[in-house]
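Down below is the structure, laid out as structure tokens.
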Amino acid sequence: MEELANKYNPAEVESKWYEYWLKNDFFKSKPDGREPYTIVIPPPNVTGVLHMGHMLNNTIQDILIRRARMMGKNACWAPGTDHASIATEAKVVNKLAQEGIKKSDLTRDQFLEHAWEWTHKHGGIILEQLKKLGASCDWDRTAFTMDETRSKSVIKVFCDLYKKGLIYRGVRMVNWDPQALTALSDEEVIYKEENSKLFYLKYYVVDDSSEPAKEGEVIHEDAKGRYAVVATTRPETIMGDTAMCINPNDPKNQWLKGKKVIVPIVNRVIPVIEDDYVDVEFGTGCLKVTPAHDVNDYMLGEKYNLQTIDIFNDNGTLSEAAGIYIGKDRFEVRKEIEKDLQDANLLEKVEAYTNKVGYSERTHVVIEPKLSMQWFLKMEHLAKTALEPVMKDELKFYPAKYKNTYRNWLENIKDWCISRQLWWGHRIPAYFLPEGGFVVAETEDEAVKLAQEKSGNSSLTINDLRQDEDCLDTWFSSWLWPISLFDGINNPGNEEIKYYYPTSVLVTGPDIIFFWVARMIMSGYEYEGDMPFKSVYFTGIVRDKIGRKMSKSLGNSPDPLELIEKFGADGVRMGMMLSAPAGNDILFDEALCEQGRNFNNKIWNAFRLVKGWSVNKSLEQSQSSKIATEWFQEQLNKTIAEINDCFEKYRISEALMAVYKLFWDEFSSWYLEMVKPAYQQPIDEKTYNQTLDFFETLLKLLHPFMPFITEELYQNIKERSEKESIMVSLLPTGKEIKDILITKMETTKNIIAGIRNIRAEKGISPRETFNMFFKGDFDESNNAIIMKLANIDGIATYNGNNDNCVSFIVGTTEISIPLGNNINAEEEIAKMENEIKYLEGFLVSVEKKLNNEKFVANAKPEVVENERKKKADAESKIATLKANIASLK
RNA sequence: GGUCUUAUAGCUCAGCUGGUUCAGAGCACCUGCCUUACAAGCAGGGGGUCAUAGGUUCGAAUCCUAUUGGGACCACCA
């Protein structure tokens with residue numbers, strides 16, 4: 001072996017092996033006789049760039065998929081991107097704006113041309129970045145939610161649901177984004193607490209009879225007459241007021257019953273209506289009703305047949321219907337109207353107030369509730385089928401706590417507003433007839449046919465029909481992802497969908513449990529009659545080390561690619577996984593990547609050591625090496641079982657920690673030290689080969705976590721043939737564990753540590769040798785190990801003649817090291833007396849238990865037996881210590 | 001406002017059906033060491049009334065109740 005650098009350099013090897021894997025098609029999957037293991041990637045935005053959340057998410061997926069592949073399964077990780085309609089359209093609009101082009105100046109086709117250009121230019125960068133991470137996706141399968149197959153699927157599903165009567169069109173109060181100029185679903189609105197103002201407005205009463213106030217009534221009055229006071233946070237909407245509402249049981253407002261009031265400034269006369277929706281305690285108990293601009297007011301409007309006046313334009317400015325402030329922005333008007341009300345003496349007071357305001361998830365502008373014609377999908381039936389499998393754990397959530405969240409949403413589900421007033425997306429396949437009405441069809445030809453039938457006019461052509469301008473919500477394509485990736489919508493029951501569906505696991509963030517996870521489950525049952533995935537693994541949010549969400553504006557989010565450059569992909573992957581228990585947020589710290597990199601280096605150097613040994617075939621295996629190999633084999637088996645168990649429960653960070661400790665502590669610190677030949681001495685062949693086998697097994701166990709370094713070393717540890725790779729090798733399966741060897745070695749390690757401790761305390765060089773004596777039960781089979789690692793000349797039973805000994809106790813055995821004049825008797829005595837004191841205290845508590853009749857009667861026999869043993873052991877230790885003190889005195 | 005969740009070492013977290021895996025791990029920290037694989041390292045070591053108060057039990061970090069403090073989600077009063 002040529003000279004190897006003493007530091008591992010990841011940059012040199014990572015791209016080399018990724019190329020090698022691609023060249024050999026190791027990531028590819030085709031249906032065959034093996035058990036499938038399928039993951040569909042949560043498709044990132046097509047024009048997005050990799051952030052820490054993606055890193056975490058995709059590292060986990062890669063770990064799972066690589067492990068499955070090494071377990072002999074047919075592993076298929078299907079990648080792709082999402083067209084992200086609002087986000088992408090917003091980016092394109094911005095870009096055009098920079099070039100001085102307004103969207104409204106373009107035709108739909110022209111705009112889409114720009115959008116596709118943008119998509120082709122920036123699209124898929126994120127997938128290239130995933131390759132740097134080592135992601136073993138089957139790239140030939142790369143899909144896009146707006147490619148032909150997926151688009152066809154979406155349209156087909158829309159038509160199907162329409163035919164089933166689950167899709168309908170209707171005027172509803174929707175969340176309107178005045179910047180993107182589109183409706184949003186409830187899930188796309190984020191409520192934020194805000195410091196705002198509560199305005200108290202005067203609504204003068206018409207035809208006031210001036211009857212005296214009855215008991216409990218609160219009547220406001222000034223020179224202009226009697227008036228009601230209405231508290232509102234949105235005075236700019238008074239132009240849309242069509243009623244005032246009081247609670248019929250509100251004593252203080254009884255006098256308003258049946259009256260009419262005048263909207264301030266506007267001077268429109270509106271009725272006072274009564275409904276117990278109104279909270280008597282809030283404000284003055286008088287509510288202004290603006291059916292066009294508030295969800296609850298809309299409900300009141302429906303109930304009492306009120307007029308609705310829509311005072312806003314789509315972009316949030318005041319419309320003609322408002323009559324005043326026309327063309328001005330809503331927030332501008334709020335300021336102006338405050339002043340105007342003040343000037344007109346119609347503003348009683350203004351109070352500071354905190355309330356929650358809805359913002360658009362994508363454009364971050366304040367949502368305007370707006371009445372508009374939209375398409376909706378009925379959810380009741382879909383929700384019903386999707387609930388039970390999750391509650392019954394047929395489809396498992398990790399962590400399970402999200403089952404509650406899931407149930408809560410499904411049980412209170414509202415219909416899904418699926419239309420968006422955007423161009424970038426799947427256009428709704430509804431076609432309006434010249435004389436009114438519409439048809440829904442997958443193709444234009446079919447639309448014409450249906451239109452002819454519907455109108456009875458057989459001369460209708462496509463030119464007579466007008467297709468709906470709206471697009472579908474992005475999630476309306478994402479919810480089909482696990483099916484459409486295998487073309488299961490267009491070609492039901494095809495070979496791929498039958499083989500790969502249901503997929504094995506979905507790895508995603510809990511923030512999209514409603515947007516995406518729940519809806520995929522619905523569509524899965526609707527179109528495949530089965531769950532889309534057997535498990536869902538919810539990752540946490542990546543935060544910085546002091547717990548803040550990573551965000552561009554805070555500047556606390558590291559660039560993943562820079563991290564990879566600095567620590568290597570393996571190091572970063574490990575850094576992510578070290579602190580990522582399922583469902584917990586991860587507090588990311590570069591120090592974790594450093595730990596990952598250090599671990600790479602540790603593996604690298606262990607490799608250097610082993611490869612540096614020369615083998616002497618005529619050498620016999622030493623006793624210590626024989627013990628070491630037998631023990632390590634057991635330790636390996638034990639850890640493999642542990643890792644398997646962790647993976648079954650999706651405790652991935654724990655699995656990593658187990659293999660980390662196995663390699664660093666058990667293998668490097670203990671095993672290699674046990675078998676390591678003296679400097680420049682050869683090693684026997686048997687031990688050498690066994691060590692290489694162990695090393696190879698360790699590399700395999702590490703591979704899912706750290707694919708690159710493990711491949712590099714796998715290729716170098718033995719001669720490999722052309723197309724061999726660790727990523728397609730088989731993981732060792734668990735074997736029966738002989739715990740006895742492990743237990744014995746633990747005792748041996750304790751003895752070695754005890755001796756090293758004495759050396760450290762007394763400042764004795766590790767090179768200086770001496771003898772060791774024992775008293776009590778002692779298994780001598782590991783003596784060779786103790787002698788080698790603790791640098792001991794000989795081991796013998798204590799013969800009572802070695803007065804100047806320092807002792808310690810392991811289990812019930814006393815270990816003594818003769819140190820001649822190095823010993824300070826007083827110190828030793830003090831130490832032992834301290835220990836006796838502790839043991840006596842311990843003994844008291846054990847005896848107390850054993851003297852308690854109820855304990856002996858009720859506790860399990862083995863528990864009682866254990867207490868007896870504790871008692872005996874403590875007593876024997878005390879006796880030993882007392883004898884030692886006596887001998888030192 | 002509702003629902004859920006959580007509190008264990010300086011930090012991040014394990015601790016399963018109450019009892020020897022019961023007080024643990026990793027990191028950080030401290031003390032020695034540049035010992036020929038590795039200072040990105042080696043050897044050794046010190047850290048916790050298991051949030052607080054009650055209760056159940058022979059026995060509680062573990063089960064129950066309340067309180068306090070985190071977190072998440074849903075709803076929302078103008």
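Numbers restart at 1 for each chain; the letters A, B, ... are given by sequence-line order, proteins then strands.
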For this session: Classify the nucleic acid contact of A:K7 as base, sugar-phosphate or nothing, counting any heavy atom under 4.0 Å across all strands shown.
Result: base
For this session: Please work out which of the three classes, parallel, tilted or perpendicular, describes the rings of A:W664 and A:F599, given edges at 30° and 60°.
Result: parallel
For this session: Would you tell me if any nitrogen or oxygen in the side chain of A:N598 comes within less than 4.0 Å of OP1 or OP2 on B:rC38?
Result: no
Exercise. Taking only side-chain nitrogens and oxygens of A:R608, does any of them come within less than 4.0 Å of OP1 or OP2 of B:rC38?
Worked result: no
For this session: Would you tell me if any nitrogen or oxygen in the side chain of A:R651 comes within less than 4.0 Å of OP1 or OP2 on B:rG15?
Result: yes
Problem set entry | Candidates B:rC58, B:rU20, B:rA37 - which lies nearest the side chain of A:F842 | B:rU20
For this session: Would you check if A:Q635 and A:W670 make a side-chain contact, meaning some heavy-atom pair closer than 4.5 Å?
Result: no
For this session: Nearest-nucleotide wise, let me know which of A:E761 and A:T232 is further upstream toward the 5' end of RNA chain B.
Result: A:E761
Exercise. Do the side chain of A:K403 and the main chain of A:D393 share a donor and acceptor less than 3.5 angstrom apart?
Worked result: no
For this session: Return no unless some side-chain N or O of A:K676 is found under 4.0 Å from OP1 or OP2 of B:rA37.
Result: yes
For this session: Tell me whether the OP1 or OP2 atom of B:rG59 has a side-chain N or O from A:N852 closer than 4.0 Å.
Result: no
Exercise. Does a distance-only test, which skips hydrogens and angles, find a donor-acceptor pair under 3.5 Å between the side chain of A:E673 and the base of B:rA43?
Worked result: no
Problem set entry | Donor-acceptor pair present, A:R597 side chain and B:rA40 base, under 3.5 Å | yes
Exercise. Can a side chain N or O of A:K860 be found less than 4.0 Å away from OP1 or OP2 on B:rG18?
Worked result: no
Exercise. Just checking A:A753: base, sugar-phosphate only, or nothing, at a heavy-atom cut-off of under 4.0 Å?
Worked result: sugar-phosphate
For this session: Measure distances between side-chain N and O atoms of A:K401 and base N and O atoms of B:rC4, and say whether any donor-acceptor pair falls under 3.5 Å.
Result: no
Exercise. Base, sugar-phosphate, or nothing for A:R767, non-hydrogen atoms under 4.0 angstrom?
Worked result: sugar-phosphate
